[in-house]
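Single-structure report; data block below.
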Amino acid sequence: MNHASLYHRASAVQRRDAKQIFEEFYDIMQWRRDGGDKIIDVGSGSGNVLMENIYPLFPPNFDEVMSTDCSEKMVEFARKNYGETERAIFEVLDIACKEIPEHLNGRFDHVLSFYCLHWVQDQRLALENMNKLLRVDGGDILLAFLATNPIYDVYLTLAEREKWRCYMKDTMKFISPLHLSDDPGAEFKKLLDETGYEDIAVQIREEVFIYEGTQKVKDNIRAICPFLQFMPESKHEEFLEDITICVDDMKLREYDSEKDDYNFITPYKLVVVYARKSVKSEKPKSCDVDEPNKQACSTL
Ligand SMILES: C[S@@+](CC[C@H](N)C(=O)[O-])C[C@H]1O[C@@H](n2cnc3c(N)ncnc32)[C@H](O)[C@@H]1O
Ligand SMILES: CC(C)=CCC/C(C)=C/CC/C(C)=C/C(=O)O
C-alpha cells in the first residue's frame, strides 16, 4: 500500500475499530507503574489512526511511541504530518523481515497493530518479530486485523475474468491468510502459542460497516486496492465500477432513493488479539535443593 494521502482521507472503519479496541483493552494492558512506557505501532500507514485516535489515549507519562510501516512513502507521509508531535518517532519496519534491527530488539513495552496483519502472509514470522520487539522481562501486544472481508471475494471473482486476470496475478498474496479459514480464531491462537506468548485472548468479531455513497466506497477501495498499481490509470474507474457491480451481485449494495445513490453493506470478521510475552522464570541451576522426589538435575 502506498496511497498515503488517499488512505489518510478514506479510513473511517479502520479509525473506528482501532479506537474502540484500544479503549476496551486499555485497563488490562501492562502499563509501567513508573510510567516511561515505550510503544511501537506496526503498520501505521499514513499515521492518522495512531496519531489522531490512539495517541491522545496514551497514559500521560509514556516515554515514546514509534510509528512504523514497511512502506517508505507511508512513513514519509506520517513523519511530514505528525513529525512535530512530542515523543513520537517514525521508522520503516517490515514486521515480516528476516531480522529485527538491533536497536529495536527488546526496546518496547507494548506492540500495537491495527488493520495490518491481514496484509502479512507469514503471520508466524510477524508474531516472532513482535515478540523480539518486546522487552525481555515482559510486555504485551494488542492487534486487530481482518480475517474476512467481502472485498476479498470480489477480488477472487474479478481475477477470474478475462479483462482483469492479467492485472490480478497472485491474488491470494493480497488476501488475508485467514479469509478461507474454517476457524480463524483457533488458527491464530495456535500461532500465538507457538511464538512465545501467554495470557492469550483471541476474539473473532462479526462486524458490519456501511459505506454511504458510491464515491465513498470507491475512494476507500482505491486507497487500499493492491491491483490498481498493476493496471493503467485509464482502467481504474472501469475496475472500480466492476467492483461495485460485483458487490451488487453479492446483494451488498442497497439503493437509497432519498440520495439517489447506493449504500454498501460490509459484513466482516475482525480478529482482535491481546497477549503477553511469555517470561520463562529462571530455574535454579543448583541441584543442592533437598526436595523429595526431586528429579535429577540433568532433567532441569
Ligand atoms: C490498512 S493500513 C493500516 C494503517 C493503520 N494501522 C490503520 O489502522 O489505519 C495497512 C498498513 O500496513 C502496512 N503493511 C503491510 N504489510 C506490512 C508489513 N509486512 N510490515 C509493516 N507494515 C506493513 C501497509 O503498508 C499499510 O500502510
Ligand atoms: C462491500 C464492499 C466490498 C466494500 C469494500 C470494503 C473495503 C473498502 C474493504 C477494505 C478492506 C481492507 C483490506 C482494509 C484495510 O486493509 O485497511
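Note that ligands are numbered from 1 as they come in the structure, with each ligand's atoms numbered from 1 the same way. These numbers come from the heavy atoms of this one structure, side chains and all, not from hydrogens, waters or symmetry mates.
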Hey, does Val42 come in under 3.5 Å of ligand 1, counting only N/O atoms on both sides? no
Of all the heavy atoms in Ala18, does at least one lie under 4.0 Å from an atom in ligand 1? no
Using the side chain to side chain contact (heavy atoms under 4.5 Å, CB included) rule, take Glu99 and Lys132 through it: C-alpha gap first, then chi angles, then the decisive distance, then the call. CA-CA 10 Å; Glu99 197 162 330; Lys132 289 173 185 166; over 6 Å; no
Pull out every atom of ligand 2 sitting under 4.0 Å from any heavy atom of Ile265, numbered as shown with elements. 1 (C)
Is there a heavy atom in Asn48 that sits closer than 4.0 Å to ligand 1? no
Which ligand 2 atoms are under 4.0 Å away from a heavy-atom of Gln14? 14 (C), 15 (C), 17 (O)
Looking at ligand 2, would Trp119 count as a contact under a 4.0 Å heavy-atom criterion? yes
Thr244/Leu240 under side chain to side chain contact (heavy atoms under 4.5 Å, CB included): CA gap, chis, key distance, verdict: CA-CA 6 Å; Thr244 62; Leu240 291 166; 5.8 Å; no
Would you check the N or O atoms of Asp94, main chain and side chain alike, for any that come under 3.5 Å of an N or O of ligand 1? yes
Atoms of ligand 1 close to Val120 [distance to a heavy atom under 4.0 angstrom, numbered from 1]: 19 (N)
Numbering the atoms of ligand 1 from 1, which are under 4.0 Å from a heavy atom of Phe114? 3 (C), 5 (C), 6 (N), 7 (C), 8 (O)
At a 4.0 Å threshold, what atoms of ligand 1 neighbour a non-hydrogen atom of Gly45? 4 (C), 27 (O)
Do any nitrogen or oxygen atoms of Tyr211 come within less than 3.5 Å of a nitrogen or oxygen of ligand 2? no
Under 4.0 Å between heavy atoms, the region of Ser11 that gets near ligand 1 turns out to be neither
Can you find an N or O of Tyr7 that's nearer than 3.5 Å to an N or O of ligand 1? yes
Out of Asp219, Leu146, Ile221, Thr266, whose heavy atom sits nearest atom 11 (C) of ligand 2? Leu146
Trp119 heavy atoms within 4.0 Å reach ligand 1 at atoms 1 (C), 10 (C), 15 (C), 16 (N)
Do the two ring centres, one from Tyr7 and one from Tyr115, sit under 6.0 Å apart? no
Does atom CD (Glu24) have a neighbourhood of more than 12 heavy atoms from anything else shown, all under 6.0 Å? yes
Is it true that Ile200 and Ile28 fall in one hydrophobic cluster, defined by side-chain heavy atoms closer than 4.5 Å? no
Are the side chains of Leu178 and Lys269 in contact, using a 4.5 Å heavy-atom criterion? no
Heavy-atom count around Lys163 NZ within 6.0 Å, excluding the residue itself: above 12? yes
The atoms of ligand 1 lying under 4.0 Å from a heavy atom of Gln14, numbered in the order shown, are 9 (O)
For Met74, is at least one N or O under 3.5 Å away from an N or O on ligand 1? no
Can you list the atoms of ligand 1 that are under 4.0 Å from a heavy atom of Cys116? 12 (O), 14 (N), 22 (N), 23 (C)
Could you give me the CA-CA distance, side-chain angles and deciding distance for Trp31 and Tyr26, then say whether side chain to side chain contact (heavy atoms under 4.5 Å, CB included) is met? CA-CA 9 Å; Trp31 301 109; Tyr26 183 92; 3.7 Å; yes
Give yes or no for whether the N/O distance cutoff of 3.5 Å, strictly under, is met between Ile95 and ligand 1. yes
Treat each ILVMFWY residue as a node, draw an edge where side-chain heavy atoms are under 4.5 Å apart, and state whether Ile100 and Ile89 are in one component. yes
Quickly, which of Phe227, Tyr167, Phe239 forms a ring pair (Phe, Tyr, Trp, His ring centres under 6.0 Å) with Tyr155? Name it, please. Phe227
Enumerate the atoms of ligand 1 whose separation from the nearest heavy atom of Val49 is less than 4.0 angstrom. 7 (C), 8 (O), 9 (O)
Contact atoms of ligand 1, heavy-atom distance to Leu93 under 4.0 Å: 20 (N), 21 (C)
For ligand 1, which is the ligand I care about here, please tell me if Asp69 has any N or O atom under 3.5 Å from one of the ligand's N or O atoms. yes
Specify whether Tyr55 and Phe62 have parallel, tilted or perpendicular ring planes, treating 30° as the upper limit for parallel and 60° as the lower limit for perpendicular. perpendicular
Close approach of His118 to ligand 2, heavy atoms, under 4.0 angstrom: yes
